[in-house]
Amino acid sequence: MKDTGRKVIISCAVTGATHVPSMSEHLPLTPGDIRDQAIEAAEAGAAIIHLHARDPEDGRPTPSPDIFRRFVPAIAEATDAVINITTGGSTRMTLEERLAYPLLARPEMCSLNMGSMNFSIHPLAAKISSWRYGWEKAYVEGMEDMIFRNTFKDIKRILLELGGHGTRFEFECYDLGHLYNLAHFVDEGLIKPPFFIQSVFGILGGMGADPENMTVMRSTADRLFGRENYHFSVLGAGRHQMSLVTMSAIMGGNVRVGLEDSVYIAKGVKAESNAQQVRKIRRILEELSFEIATPADAREMLGLKGADKVTP
Ligand code: KMH
Ligand code: ZN
């Protein structure tokens, strides 16, 4: 793998499908909000922008290609950031729904979740006393009984269908076993290096946000894939976000921030935008003498096909 001089890729996950509008007035909901916050995050230094769509009427997660098309091309037009579209969607969407837009757009990059699991923020429901939209309470409470489905067959389908169009993946690994699932597909010949491994910490249903877990993920990935064959990255859910991603950079990895993963900028303080989180991690990394990857660096590091090969 070509050494581009150890630059750190900042990914920004702009809105997601787990957090609900009542958690932060700054969570972008409409196509215009998502577009503007994504562009600002890219200008602040995010080389990769990870995107979900929401219904403009009430902020409910949606897989609708029509809604994605109301902001993705505008972001691509305004920035040279790598656009990374979710294939995880939400735990309530079918795989068919989750793949509807990615299969049309054939992005440079998509997320790919490496195992089925529980995935929930239901304990938060008890802490929210006033709900902005009628759907939110049942949505959050209902996560207690949801399964985030990502079977071997589902993963294989995504690798074959999207991978067949040259899309490469942010492999989201929430547990040690997910690295072994990834290794299984490498053994099957369905994935070629360089792999981009997003280790996810602090999701209820996945591994906890203990720093020790990161050393286990890192050393296991080294053993399974060889450090020269993959790029490590970390996201930390909620209050663990900034400390865990900083640790990733120190361990030779990359970072993901964004309101999809945490609505905070500091203890008890809500982030006013995605760009604010990007600026904060950029500041920390530069203070530590890390160099930030540009979108061109990220494309080279991850072997991406280029923005010109994406269907607008
Ligand atoms: N919010 C992340 C923990 C996806 O979009 O595929 C999950 C995620 C899933 O990013
Ligand atoms: Zn996502």
Side-chain angles (χ1 to χ4, degrees), residues 11-20 23-24 27-29 34 37-38 41 46 48-54 61-63 68 71-72 82-95 97-103 105 107 109-122 124 139-140 143 146-151 154-155 157-159 162 167-175 178 181-182 196-209 213 217 233-241 244-245 248 254-264 271 274 277:
S11 294
C12 181
V14 176
T15 189
T18 306
H19 293 161
V20 296
M23 290 169 66
S24 170
L27 187 69
L29 305 178
I34 295 171
Q37 287 215 29
I48 299 178
I49 300 289
H50 170 80
L51 293 163
H52 293 239
R54 291 179 182 266
T62 172
F68 272 107
F71 57 87
V72 175
V82 174
I83 291 179
N84 165 345
I85 304 294
T86 179
T87 67
S90 87
T91 51
R92 288 164 191 262
M93 295 173 195
T94 64
L95 186 62
E97 290 173 326
R98 287 158 51 177
L99 292 183
Y101 180 65
L103 285 174
M109 176 161 268
C110 279
S111 59
L112 180 44
N113 297 271
M114 293 312 294
S116 299
M117 57 189 288
N118 296 335
F119 186 129
S120 186
I121 57 166
H122 68 271
L124 215 67
Y139 185 84
V140 175
M143 287 182 199
M146 292 284 161
I147 292 170
F148 187 25
R149 183 194 151 126
N150 299 288
T151 65
D154 293 342
I155 294 169
R157 177 177 168 197
I158 295 172
L159 287 172
L162 271 173
T167 297
R168 292 184 63 81
F169 299 97
E170 173 196 16
F171 295 106
E172 298 208 14
C173 296
Y174 303 73
D175 246 316
H178 294 178
N181 294 349
L182 182 59
F196 187 44
I197 298 178
Q198 190 70 258
S199 298
V200 182
F201 296 89
I203 297 285
L204 184 59
M207 67 188 150
N213 290 340
M217 290 297 278
S233 185
V234 165
L235 79 85
R239 67 195 166 88
H240 306 286
Q241 182 183 59
L244 282 180
V245 304
S248 170
N254 302 281
V255 304
R256 173 169 135 170
V257 294
L259 300 194
E260 169 167 349
D261 303 333
S262 170
V263 294
Y264 291 97
N274 279 274
Q277 290 184 346

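We count ligands from 1, going down the list as the structure has it; atoms in each ligand are counted the same way. Positions are given from 1, in the same order as the sequence printed here. Keep in mind that this is a model prediction, so the values were computed, not measured.
Note on Glu260: counted as a metal contact of the Zn ion (ligand 2), an N/O/S atom lying under 2.8 Å.
Counting heavy atoms closer than 4.0 Å to ligand 1, residue Gln198 contributes nothing at all. Of the heavy atoms in Leu112, none comes closer than 4.0 Å to ligand 1. Contact annotation: for Phe119 versus ligand 1, heavy atoms closer than 4.0 Å belong to the side chain alone.
What sits closest to atom 10 (O) of ligand 1 on the protein, heavy atoms only, is Glu260 OE2, 2.7 Å.
Side-chain contact of Gln198 with Ser233: a donor-acceptor pair under 3.5 Å is present, judged by distance alone. With hydrogens and angles left out, the side-chain atoms of Asn274 and Gln37 include a donor and acceptor closer than 3.5 Å.
When Arg98, His19, Glu172 are ranked by how near their heavy atoms come to atom 8 (C) of ligand 1, first place goes to Glu172.
In summary, of the residues considered (Asn113, Leu112, Ile197), a side-chain contact (heavy atoms from CB on, under 4.5 Å) with Cys173 occurs for Ile197 alone. Of the residues listed (Asn84, Asn254, Ile83), the one engaging Ile48 in a side-chain contact (heavy atoms from CB on, under 4.5 Å) is Asn84, and it is the only one. For the side-chain contact (heavy atoms from CB on, under 4.5 Å) criterion with Leu235, the lone passing option out of Glu260, Arg256, His50 is Arg256.
Using a non-hydrogen distance threshold of 4.0 Å, Thr18 does not register as a contact of ligand 1. In this structure, Glu170 has no heavy atom closer than 4.0 Å to ligand 1. Ligand 1 lies within reach of His52, whose nearest heavy atom is under 4.0 Å from it.
The minimum heavy-atom distance between Met143 and Thr18, with the atom names listed, is CE-O, 3.5 Å. In terms of heavy atoms, Val257 sits closest to Asp261 at O-OD2, 4.0 Å.
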